[in-house]
Amino acid sequence: MKKLGLGRGQTAEAMEVVIRMVVICGLVVWACFIIAPFIKPILWGAILASALYPVFSKIGDRAGGRRKLVGIAFILVSILVLIVPAVMLVGGSVEGVQKLVGEWHAGDLKIPEPHERIKEWPMIGEWLYEEWTDAVHDPGHFLRELMPHVSPYGSKLFGMVATAGADLIGFTVSLILAGIFMINGPACHRLMQALGLRLAGDSGLELGKLVTGTVRGVALGVVGTALIQATLAAIGMEMIGISLTALWAFLVLILAVIQLSPAIILLPIAIYVFSTHGGMPAVLFAILCVVVSTIDNFIKPVLMGRNTDTPMVVIMVGALGGLVLSGVMGLFLGAVVVALCYQLFLAWLYEGPGMDAGRTDP
């Protein structure tokens, strides 16, 4: 310490500062390990609260300011409306996967016979009928040829469906936390304002508005639209009598969140319905598939409004990364978090006088 020009008193003060920092850092790291299992539910609860708070506030005002009563009602209704169907969806998906795997191992997997009218389809009718017939007569050979192409993705999908039960618990906790956050909305708002001012100074309030707008836009526009598409697809498949409805609806939900067309799943199902049912039921189901695959072009802009102009490719990357990293809940969290980071990066990049003029949205 003498080489640094510090006296005995200064050395003691420096050591005291170091000890304090080590203790504080140790406590922070310890606290992070403790709350690590709850980070995803807390984040998703905060996202839900931010997205739904305007509606919650209006209902609370009409209820005479009884925010606690409205918050408790929100939690109970959310569990009934979202969690109960989600339990059925995940349960049906798991059951469907187990059934497919069981039939595959037992050699009892049966593929329905193609209808004769498939031959009449233009361009692909004859080819599709022959391939389908070969698959019916020798399903083992068909699956052996198919497995190398789908196995890299199938194992991940099966694992994700199998662990979806834990994500359901996380979603339930998130809904409860969202209700608590909205009940204490004014206090949470003041806290976020103080945090924004502390982090960004005078720009903190604008930063807070950007964060809120982005979160609401992605949560309502992307996730909300995906839930609507998956629900409509599930209703249609259930009415037409498609087996493994829950599994297909779950796949539609994933595709919609990652900004891919649900037609990837629904088109083969529609072809199957035409080959087995025909007539008006098949036509109506095909119309429903078209509606489900295109309705996001109309619903998403309305739900997003002007809250965010985040490119869809950014949301897709976030959703896919979150799905790989954290499963089903990461699918939703990833889209919101990456979109938020993108908007914050643009705000930092074009910060300063005259910089907005050079900003061009992709």
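Position 1 is the first residue of the sequence; numbering continues from there.
- The CD atom of Gln229 sits 9.0 Å away from atom CG of Leu266, with the distance rounded to the nearest 0.5 Å.
- Considering CG of Leu253 and OG1 of Thr231, their distance stands at 8.5 Å, rounded to 0.5 Å.
- Closest non-hydrogen pair, Pro268 versus Ala263, comes out as CD-O, 3.9 Å.
- A 4.5 Å side-chain heavy-atom check between Ile59 and Phe74 finds every atom pair outside the cut-off.
- The nearest pair of heavy atoms linking Gly60 to Val70 is CA-CG2, 4.0 Å.
- Pairing each heavy atom of Ala178 with each of Ala49, the nearest pair is O-CB, 3.8 Å.
- A 4.5 Å side-chain heavy-atom check between Leu48 and Phe181 finds every atom pair outside the cut-off.
- Between Leu288 and Leu284, every side-chain heavy-atom pair lies at or beyond the 4.5 Å cut-off.
- When hydrophobic clusters are built by joining Ile, Leu, Val, Met, Phe, Trp and Tyr residues whose side-chain heavy atoms come closer than 4.5 Å, directly or via intermediates, Ile269 is grouped together with Val283.
- Each of Val337 and Phe38 belongs to its own hydrophobic cluster when Ile, Leu, Val, Met, Phe, Trp and Tyr are linked at side-chain heavy-atom distances under 4.5 angstrom.
- Annotation: salt bridge (Lys or Arg N to Asp or Glu O under 4.0 Å) contacts of Arg190 (sequence neighbours excluded): none.
- Within the model, atoms CD1 of Ile295 and OG1 of Thr225 stand 8.5 Å from one another, a figure rounded to the nearest 0.5 Å.
- Here the CZ atom belonging to Phe250 is positioned 15.0 Å from the OG1 atom belonging to Thr245, to the nearest 0.5 angstrom.
- Taken together through direct or relayed side-chain contacts under 4.5 Å among Ile, Leu, Val, Met, Phe, Trp and Tyr, Phe345 and Leu340 form part of one hydrophobic cluster.
- A chain of hydrophobic side-chain contacts below 4.5 Å, direct or via other Ile, Leu, Val, Met, Phe, Trp or Tyr residues, connects Ile287 to Ile299.
- Heavy atoms only, all atoms of each residue included: Asn184 and Ile180 are closest at ND2-O, 2.8 Å.
- Using a 4.5 Å heavy-atom cutoff, the side chains of Leu255 and Ile265 are in contact.
- Rounded to the nearest 0.5 Å, atoms CD1 (Ile271) and SG (Cys289) are 10.0 Å apart.
- Taken to the nearest 0.5 Å, the CZ atom of Phe285 stands 11.0 Å off from the CE atom of Met239.
- For the pair Pro37 and Ile34, the tightest heavy-atom approach, listed with the atom from each and the gap, is CD-O, 3.4 Å.
- You'll find the side chain of Pro281 reaches within 4.5 Å of the side chain of Ile240, heavy atoms only.
- Val290 and Val252 are assigned to two separate hydrophobic clusters, defined by single-linkage of ILVMFWY side chains at heavy-atom distances under 4.5 Å.
- Residues in residues 50-62 take part in these side-chain hydrogen bond (donor to acceptor under 3.5 Å, both in side chains) pairs, two or more places apart or across chains: Tyr53-Arg67.
- Between Ile75 and Leu175, the closest heavy-atom pair is CG1-O, 3.9 Å.
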